[in-house]
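Below is one structure, written out as structure tokens; comments come after it.
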Number of protein chains: 2
Amino acid sequence: MFSFSEENYLKAIFHLERRYKGGVSTNALAEEMETKASSVTDMIRKLSDKQLVIYKKYQGVKLSEKGRATAIEVIRKHRLWEFFLVEKLNFNWDEVHDVAEQLEHIKSEKLTRELDKFLGFPKRDPHGDPIPDAEGNFSVSNKLLLAELEKDQTGICIGVKDTSADFLRYLDKNKIALGKTITVKDIENFDNSMLIVIDGEELRISQLISGNLFIKM
Amino acid sequence: MFSFSEENYLKAIFHLERRYKGGVSTNALAEEMETKASSVTDMIRKLSDKQLVIYKKYQGVKLSEKGRATAIEVIRKHRLWEFFLVEKLNFNWDEVHDVAEQLEHIKSEKLTRELDKFLGFPKRDPHGDPIPDAEGNFSVSNKLLLAELEKDQTGICIGVKDTSADFLRYLDKNKIALGKTITVKDIENFDNSMLIVIDGEELRISQLISGNLFIKM
DNA sequence: TCAATTTTTTAGACTCATCTAAATATTATT
DNA sequence: AATAATATTTAGATGAGTCTAAAAAATTGA
Ligand SMILES: [Mn+2]
Ligand SMILES: [Mn+2]
Ligand SMILES: [Mn+2]
Ligand SMILES: [Mn+2]
């Protein structure tokens, strides 16, 4: 088994690999983990000894197959617990992350399997992020940003890019929720703000908002 | 907040205080924690600095009010999670303890409160042990051991003293479960074994069994 | 190209929780 | 009460994970 710290590093590398193709740098990882570059070097060496990452000095890290599988397992647990907290325990979607950060490290295959079954094998967590299945497969999602839509196009809100409590509460306040249909009524050339229709109501949103909402068409 | 280790020590002291009235000895605690006496002394000193225990050298430890409240909170979480695992996730009562040992350290008041509510404010965990409420109060239980019953007396099984997987599976195998009615048909003088009736079936059990089953009359 | 800047690694130190071995205090036994 | 046995504490070490400061490597750009 791996320590909480090891699991958190693997998760961070997994997330950063999308952006930094061809190796995650020590500094990028230090920033993500909110720690010092020297600590990262120490931990990378440890993960490398355990065959969880591929590492050559000064070259950054990549996950090995074993490392990737472990990272996905942790992400699976994180998102299942977030779903559980919202669906069963009356948590709001802006309150679940910190608790899930703890719960994701509980070690019990049976627990994860049975929780998944109990929840009805959900495909997405409360923020619209895909929940990998027991084999580590993500159900494909051809999502795009609301900001990418053109005037008069319509889509269904399926996720958020920014998951900060501030943003999530902004969405709550303006009745924007996953599953709702959004139509782009107008786009302002000057600042790229959008006039959208949701639930029959018109709403003007800045590009910062439209750039953080995932849509499926 | 307290570390996992600190919480486990507090829990152990709480449990040992029933037996060792007037201070839990270093060695008793070392045995319970499966560690060395010197490690116990170190930790006791740390807990004492944090005002969680009352400690004078060579005199053993007692929980302070703050320490007791913390221990009870951990026990509350442990038992709520055990109940959750059995009631909602199809765990058997002999499989829940190790997972609950992990889950009891999750820090979130809201999680504990909502879990309790979700489960319907259960009074006892799957082994019949009382679950303290949010204020730390145990609902009183005038339980006695089956071994204490006389010939022809009847009681309802409400808990187990030994919670080892071996014992729990013995009970499963012999259809002895919490809530069932047991009548003492006969007691053998020589070895104190009992002939009991449960579900209309007769069963002979040794004193080791009857001494580990709690009964309410 | 080569000096300046940035990134990464190394060296050494710290805390936490643990250990072994040795010292000291307490308790039991003669 | 003195000695033997036991319980407890102290001293010093270790490994995990982190830190600061300094050295070394890589990259940038004049
Ligand atoms: Mn999250
Ligand atoms: Mn999420
Ligand atoms: Mn238990
Ligand atoms: Mn229990």
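The structure presented is a predicted model; accordingly, all values stated were derived computationally and were not measured. Below, read A as the first sequence line, B as the second, and so on, with proteins coming before strands; counting in each chain starts at 1. Below, all heavy atoms of this structure are taken into account, side chains as well, without hydrogens, waters or symmetry copies.
Around CD of A/Glu188, the count of heavy atoms belonging to other residues, nucleotides or ligands within 6.0 Å exceeds 12.
Residues of residues 22-40 of chain B that place a heavy atom closer than 4.0 Å to DNA chain C, in numerical order, are B/Thr35, B/Lys36, B/Ser38, B/Ser39. Of the residues in residues 49-57 of chain B, those with a non-hydrogen atom less than 4.0 angstrom from any atom of DNA chain D are B/Tyr55, B/Lys57. Annotation: proximity of residues 5-18 of chain A to DNA chain C (heavy atom, distance under 4.0 Å) is found for no residue.
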Show me the donor-acceptor pairs, under 3.5 Å and distance only, between side chains in residues 19-38 of chain B and residues at least two apart or in other chains.
| from | atom 1 | to | atom 2 | distance (Å) |
| --- | --- | --- | --- | --- |
| B/Ser25 | OG | B/Ala28 | N | 3.1 |

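Within the 3.5 Å criterion, the main-chain N or O of B/Asn92 finds a donor-acceptor partner in the side chain of B/Glu95.
Using bins of under 30°, 30° to 60° and over 60° for the plane-to-plane angle, the ring pair A/Tyr170/A/Phe167 lands in the parallel bin.
Atoms CE (B/Met43) and P (D/dT8) sit 18 Å apart, rounded to a whole Å.
Taking the ring centre of A/Phe138 as origin, the terminal cationic atom of A/Lys123 falls outside the region bounded by 6.0 Å and 45° from the ring axis. Both the sub-6.0 Å distance and the 45° axial angle are satisfied by A/Lys143 relative to the ring of A/Phe214.
Remark: B/Arg45 is not in phosphate contact with D/dT9, judged by side-chain N or O atoms under 4.0 Å from OP1 or OP2.
A search for salt bridge (Lys or Arg N to Asp or Glu O under 4.0 Å) contacts involving A/Lys66 returns nothing, not counting sequence neighbours. For B/Lys107, the side chain to side chain contact (heavy atoms under 4.5 Å, CB included) partners are A/Gln102, B/Met1, B/Phe4, B/Glu7, B/His105, not counting sequence neighbours.
Test A/Lys77, A/Arg79, A/Lys11 against A/Glu104 for side-chain hydrogen bond (donor to acceptor under 3.5 Å, both in side chains) and you get one pass: A/Lys11.
Of all the heavy atoms in B/Cys157 and B/Ile182, the pair that sits closest is CB-CD1, 4.3 Å.
Positionally, the nearest nucleotide of DNA chain D for A/Ser3 lies more toward the 5' end than for the other of A/Ser3 and A/Tyr58.
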